[in-house]
Trainee: 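What follows is a structure written as structure tokens; I'll ask about it next.
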Amino acid sequence: MTTDDTPIRPDAPDATDLHAPDSVAAWLVRLLKGIAVGVGFILPGLSGGVLAVIFKIYDPLIKFLANPLKNFVRQVKYFLPVGIGGIIGVVLFSILVAAAFGRYEAAFVCLFIGFVIGTFPSLWRQAGKKGRAAKHWVILAVSVAVIFAIMLAGGGLNLQVPPSIPVWLGSGALIGLGVIVPGMSPSNFLIYFGLYDKMAEGIKDFDPSVFIPLGIGLVLCVVLFAKAANWGFERHYAGMYHFILGMVAGSSLAIFPTVVFAPDAIEKSGLGMGAFLASCAVMLALGVLASWLFSKVEDRYASERDAIDAG
């Protein structure tokens, strides 16, 4: 019994004990999150940052990158499966993109939009945890409109940028911005510049002239901007979260006209209109269901993250 007569199970680990052994289930959950975020890095219409927010690793990751020496070993152990999963997600999906993504692009995008829809209520509650004033509604509305307009305008671009090491460095930095600014879809911009398929081929073939500068650009961008993002959360929590919420909502809405229902989407799928709409609807529903189930699992390990931050 505790001092307030609250019974505890003798076999239950103390959530505040930073040295408690990490469970296999928790490690696998973080691995799966990393895989999903990695896919988000290169899936047109989405960003790794959006999925990091959805899976509740965005805020702690930014805090870690902004103050890497705080609980360094424990933080590295916590994020190791996320990093491994991210690499797996990028490589596996690059292989998939190179093989058959053109035909199944709309269905895969709908699956991940389902993830967003299924967790939007949770993001809304998170954004309002420290209050919601009139200015936060304005931030939300403006961020929705801006990212929607940018993605809609970008959908009409068809530029061809010759690949090179500086170009891949810039592309990596663009992907890094997709981590720092949830809602921004780096893959869409890579498609606009004619680099997306070349990037997927380079990663699939483990071409060092592609994946090394990509990785360097990504890491440098994230590290350089992490402190700014962390400062924003500490000083303007509600404003930052409503900005992120708007970016998530606006980019999700823009995906439908720019990717799912793009002029050649049905033709690329090889399906009739009815079958195309049905496949998109099924994948959307599966995404919603998966994100809801994932959030239930995530709740079981929420105290683990809180314990590390408090240590």
Side-chain angles (χ1 to χ4, degrees), residues 33-55 57-70 72 75-76 79-80 82-91 93-94 143 146-147 150-151 154 159 161 163-196 198-200 202-203 207-236 240-241 243-244 246-248 250-251:
K33 289 181 183 181
I35 292 174
V37 170
V39 171
F41 283 151
I42 59 172
L43 182 65
L46 287 182
S47 77
V50 165
L51 296 175
V53 171
I54 288 170
F55 296 135
I57 57 176
Y58 175 80
D59 194 8
L61 179 60
I62 292 299
K63 289 180 179 178
F64 171 48
L65 293 173
N67 300 285
L69 297 182
K70 181 181 179 181
F72 177 78
Q75 295 277 21
V76 169
F79 284 111
L80 180 62
V82 177
I84 294 173
I87 294 172
I88 292 173
V90 167
V91 172
F93 204 76
S94 293
S143 58
V146 168
I147 192 64
I150 289 174
M151 290 184 66
L159 305 175
V161 177
S164 64
I165 289 179
V167 166
W168 291 130
L169 280 168
S171 299
L174 195 62
I175 295 172
L177 282 178
V179 178
I180 298 297
V181 185
M184 176 183 170
S185 177
S187 296
N188 279 22
F189 291 99
L190 293 173
I191 289 173
Y192 305 154
F193 296 137
L195 294 168
Y196 182 75
K198 300 178 182 68
M199 178 190 71
I203 295 174
D207 184 348
S209 68
V210 175
F211 70 78
I212 290 179
L214 272 175
I216 292 173
L218 188 157
V219 170
L220 286 177
C221 179
V222 170
V223 171
L224 287 174
F225 286 100
K227 281 191 176 292
N230 188 57
W231 177 89
F233 275 108
E234 290 181 347
R235 300 294 183 89
H236 307 285
M240 285 288 290
Y241 252 106
F243 166 74
I244 289 173
M247 296 290 279
V248 171
S251 63

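Bear in mind the structure is a predicted one, so any value in this text is a computation, not a measurement.
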Trainee: Donor-acceptor pairs under 3.5 Å, side chain of residues 208-217 to any protein atom, not counting sequence neighbours: which ones?
Mentor:
from : atom 1 : to   : atom 2 : distance (Å)
S209 : OG     : D207 : OD1    : 2.7
S209 : OG     : D207 : OD2    : 3.2

Trainee: Could you check whether any side-chain heavy atom of F225 comes within less than 4.5 Å of a side-chain heavy atom of L65, counting everything from C-beta outward?
Mentor: no
Trainee: Can you see which heavy atom on Q75 is nearest to which on K70, and at what distance?
Mentor: CG-O, 3.4 Å
Trainee: I want to check something: taking the side chain as every heavy atom from C-beta on, are I62 and M240 in contact at a cut-off of under 4.5 Å?
Mentor: no
Trainee: Quick one, V37 and I57 - any side-chain contact, counting heavy atoms below 4.5 Å?
Mentor: yes
Trainee: If you compare all heavy atoms of K198 against all heavy atoms of P163, which two are closest, and at what distance to 0.1 Å?
Mentor: CD-CG, 3.8 Å
Trainee: How many angstroms lie between CD1 in I175 and OG in S171, if you round to the nearest 0.5 Å?
Mentor: 6.5 Å
Trainee: What is the minimum heavy-atom distance between C221 and G176, and which atoms define it?
Mentor: SG-C, 3.8 Å
Trainee: Grab the two heavy atoms, one from H236 and one from W231, that are nearest each other, plus how far apart they are.
Mentor: NE2-CH2, 3.8 Å
